[in-house]
Structures are given as C-alpha cells and as structure tokens.
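So that the names make sense, note that chain A is the first sequence line, chain B the second, and so on, each numbered from 1.
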There are 2 protein chains.
Amino acid sequence: MKKAEATRLTILQKSFELIYTKGYQTTSLDDILATTGMTKGAFYYHFKNKDEMGIAIIEELLKPTFETTFMRQLQGEGDAVKLLYDMMYTVLMKNDFMRVEYGCPAANLSQEMAPWHSEFTRVLNELSEAWKKAIVQCVKNGKKNGSIRADVKPEQVALFMMSGYWGIRNMGKLANSSSVYLVYLKQLKDYLATLQ
Amino acid sequence: MKKAEATRLTILQKSFELIYTKGYQTTSLDDILATTGMTKGAFYYHFKNKDEMGIAIIEELLKPTFETTFMRQLQGEGDAVKLLYDMMYTVLMKNDFMRVEYGCPAANLSQEMAPWHSEFTRVLNELSEAWKKAIVQCVKNGKKNGSIRADVKPEQVALFMMSGYWGIRNMGKLANSSSVYLVYLKQLKDYLATLQ
DNA sequence: AATAAAACATACCGACTAGTATGTTTTTAA
DNA sequence: TTAAAAACATACTAGTCGGTATGTTTTATT
C-alpha cells in the first residue's frame with residue numbers, strides 16, 4: 001500500500017502547483033490528469049470529487065507548511081518584537097514554497113472560494129485562526145517578559161500583521177517583484193517599534 | 001440612442017453585482033442574462049465578448065467610484081496624517097458600494113485574474129497606481145506643510161497603507177464582520193502617528 | 001500459484017459554457 | 001410615411017466541464 005499513497009501524494013502536489021499558479025476553478029481535472037500522467041480512474045479512486053481533493057490540499061499540504069514557517073518560530077522566548085519581525089521576514093523572503101508572482105496560496109483560495117464554498121472557507125479559516133493564535137501568544141509572552149508594552153492588545157496586533165501580510169502578497173502579485181516585500185518589512189519594523 | 005446606453009449600463013451594473021458577489025469566472029453569461037432579463041442578442045450587440053464587458057466594468061464603474069471615494073478627499077491641504085486616516089475610514093466604513101462579506105471588487109478581480117489575464121491585470125494596475133499616486137502626493141504635501149517628518153518615504157507609506165487595505169478587506173471577508181475594520185483603523189492610527 | 005481486493009484505465013454522459021448565425025422588432029432620419 | 005440602420009430575440013453549435021459505469025491490471029495474502 002505504499003504505491004497508492006505515493007500516487008495520491010503526486011496528485012495532491014501537482015494539483016497544488018496548478019491551482020496555485022492558475023486558480024482552483026480554471027484548473028480542470030483534465031489539466032491535473034495531463035500533468036500527472038494519470039487517468040480519471042486513478043483520480044476518483046483516491047478522491048470522491050474535485051472539491052474533496054481541494055480540501056485535502058489545504059489540510060495535508062498547506063496546513064503543515066504554515067505550521068512550520070508561520071508559527072513554529074514564534075514560540076521562542078526572546079524579544080517578542082524581534083520574533084514577530086523575523087517570522088514575517090522568513091515568511092516573505094525565505095520561503096521557496098511560495099512565489100512572488102502567484103501570491104499566497106491560502107489567500108488565493110480564500111479569495112476565490114469564500115463567497116460560494118463554505119467548506120473551503122471553513123478550513124482556510126482554521127488556518128488563519130491558527131496563525132492568529134500564534135501571534136497573539138507571542139505578543140502575550142512579550143508583555144510578560146517586558147519586551148512589549150502592557151497596554152498593547154494582542155488580537156489587534158495579530159489582525160494588523162495578518163492583514164498587512166495578505167495585502168503585501170497581493171501587491172507583490174501585481175508588481176511581480178519582491179522589492180515590495182522589503183518596503184513592507186521596513187514599515188512593519190516601525191510599526192512594531194510602537195509596541196515597545 | 002438613449003435606450004441603448006441604458007441597457008448597456010444595466011448590463012454593466014447587474015453584471016458587476018454578480019461578479020462582485022460570485023466571482024468573474026463563476027458568473028456565466030446565462031446568469032447575467034437571467035438577472036437582466038435580456039438575451040444574447042442584446043448582450044453581444046453591446047459587447048464583443050465577456051472579457052470586454054469585464055474590462056468595461058472596471059473602466060466605467062470601478063475607476064470612477066475609486067476616484068471619488070479613494071482619492072478625492074486626499075487632495076485637501078490640511079494635516080496629512082488626518083487626511084490619510086479619514087480617507088481610509090471613509091473607504092472602509094462609509095462606502096455602500098462595497099460590502100464586508102464580499103471584500104473589495106478590485107482586489108477580488110486582481111486576485112482572480114492576475115496570473116492568466118494580462119488585460120485585466122493592466123487596467124487594475126492602473127487603478128492601483130492612481131491610488132498610490134494620490135497617497136504619495138498627500139504625504140509629500142504633508143512633508144511640505146510640516147505635518148509629516150522630512151525623512152519619511154512617501155512611496156513606502158503608500159505601499160504599506162495599500163497592502164493593509166487589501167489585507168483587511170480579505171480578513172473582513174473571512175470574519176464576515178466590519179469589526180475587523182475598526183481594529184485595523186486603530187492600529188493604522190498608531191502607525192500614522194510614527195510619521196509625524 | 002491462486003485468489004481476492006486494491007489500484008488504475010477507458011469510454012461515455014448530461015450539463016453547462018462562450019459564442020455565432022440568422023432572424024425580428026424598434027428607432028431614427030429623410 | 002418609409003426606408004435604413006440600430007437594437008434586440010431565438011435557435012443553435014462546438015467545446016469543455018465534473019462525474020460515472022465498467023472494464024483491466026497490479027498487488028498483497030494464503
């Protein structure tokens with residue numbers, strides 16, 4: 001039962017590439033089958049339908065990736081402002097999972113599916129909530145160890161950072177250059193300094 | 001030739017509503033015809049194809065709206081920080097053209113079309129560039145009249161504000177509540193204060 | 001090696017898509 | 001009023017979509 005899991009994973013990974021670069025709805029099953037070299041029989045053996053595969057991509061590819069690159073390094077115990085900035089720097093500048101011209105896959109999907117597909121929205125919301133929690137916890141730690149002012153509201157900081165992130169990913173897509181990321185990081189540093 | 005222009009406008013407006021709430025690709029011509037009560041003959045008399053209509057929506061509906069709500073009030077001569085904040089407040093809180101649960105139509109379209117339709121991307125970029133220019137000019141005015149520090153880089157401020165805007169629109173979509181807008185505005189105020 | 005189940009392949013279907021060809025009605029201008 | 005052009009209506013097409021029914025091959029177990 002190793003081979004089967006391998007083909008399943010292949011489908012997920014190749015589909016992710018296509019969906020990430022082209023969008024979910026414009027990626028047809030035939031597109032997926034063509035690039036994987038598989039047939040419909042194989043696909044529908046592993047997935048009930050296209051949407052189930054889409055959810056699987058989020059659950060099995062996006063979530064783990066976000067877990068490691070977006071959240072893990074926030075769990076350190078040092079200066080919270082530095083932790084937050086470094087996290088964002090890593091996410092934007094040292095992440096070969098995402099490419100500037102295609103934005104953030106999670107943001108792309110939520111933008112595309114939000115109004116008409118509640119299941120997608122739900123799992124993407126979980127992802128977003130997990131990131132928020134990690135940021136909130138980091139700010140709370142910062143307040144405890146004195147690296148962040150006592151009157152700072154963690155949820156507000158999280159929301160502000162996350163909205164900046166979604167936004168700058170979109171700007172990068174339009175500008176097709178990661179130079180906008182650097183500019184954003186500069187301003188973010190100024191903002192984070194106001195929390196100290 | 002008045003009637004014809006009226007039906008053309010009807011098509012544009014109703015199509016905009018559908019595309020704004022459902023997305024461009026998931027809005028079929030039949031959808032549009034059903035809600036407008038028109039037929040294909042009428043549609044294809046006024047537009048060469050679906051894409052041409054999509055571009056027309058941006059040019060003839062989005063651009064004028066953005067012109068008035070996003071840019072005009074930045075042209076005042078007072079405190080630049082206040083002008084910038086008030087603009088964003090108006091855009092997010094006093095705009096019946098957009099609804100929280102559907103985000104920003106321009107952002108939606110650019111997100112959906114960016115990777116695979118250059119014409120859409122081009123006109124949406126024009127829109128985005130016009131907003132950027134207005135913000136940059138406002139900051140420059142602020143530097144002249146002393147309401148903003150001399151070492152502040154206008155382009156960087158513009159980029160930071162715009163990315164925050166795209167982002168918070170997306171967050172609002174996920175949260176389905178304009179309360180996130182208020183939180184964002186609060187943090188934006190803090191950030192803008194660092195420019196003084 | 002035999003057998004059953006797992007894994008995959010092929011052919012097909014109905015629904016839907018944007019777009020067209022060809023009509024009919026309405027409006028405009030003389 | 002009438003002819004011509006503008007504005008709209010209807011019927012149809014070729015292609016694509018996700019999904020299914022039914023087949024064949026491969027793998028694991030005995």
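A search for ring pair (Phe, Tyr, Trp, His ring centres under 6.0 Å) contacts involving B/Y184 returns A/F160, not counting sequence neighbours. By the ring pair (Phe, Tyr, Trp, His ring centres under 6.0 Å) test, A/F43 is found to be paired with A/F47, residues two or more places apart in sequence or in another chain being considered. With sequence neighbours excluded, no residue satisfies ring pair (Phe, Tyr, Trp, His ring centres under 6.0 Å) with A/Y85. For A/F16, the ring pair (Phe, Tyr, Trp, His ring centres under 6.0 Å) test picks out A/Y20, A/F97, with sequence neighbours left out.
Phosphate proximity of C/dA7 to A/T7: absent, as no side-chain N or O sits under 4.0 Å from OP1 or OP2. Within the structure, every side-chain polar atom (N or O) of A/H46 is placed at least 4.0 Å from both OP1 and OP2 of C/dA6.
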Kindly list each side-chain donor-acceptor pair under 3.5 angstrom involving residues 54-67 of chain A, sequence neighbours excluded, with atom names and distances?
residue: A/E59; atom: OE1; partner: A/K63; partner atom: NZ; Å: 3.1
residue: A/E60; atom: OE1; partner: A/R8; partner atom: NH2; Å: 3.1
residue: A/E60; atom: OE2; partner: A/R8; partner atom: NH2; Å: 2.5
residue: A/K63; atom: NZ; partner: A/E126; partner atom: OE1; Å: 2.5
residue: A/T65; atom: OG1; partner: A/L61; partner atom: O; Å: 2.8

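When each of C/dA7, D/dC8, C/dA9 is scored by its nearest atom to the side-chain atoms of A/Y45, the top-ranked nucleotide is C/dA7.
Atom NZ of B/K22 and atom C1' of C/dT17 are 13 Å apart (whole Å). Taking atom CZ on A/R8 and atom P on C/dA6, their separation rounds to 16 Å, with Å as the unit. Straight-line distance from the CE atom of A/M38 to the C1' atom of C/dA7: 11 Å, rounded to whole Å. Summarising the geometry, the separation between CZ on A/F47 and C1' on D/dG18 is reported as 15 Å, rounded to the nearest angstrom.
For the residue pair B/N145/B/S147, the side-chain donor-acceptor check at 3.5 Å is satisfied.
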- [ ] Using a 4.0 Å heavy-atom cut-off, write out nucleotides 18-24 of chain C from 5' to 3' as B (base contacted by protein), S (sugar-phosphate only) or - (no contact).
- [x] BBB----
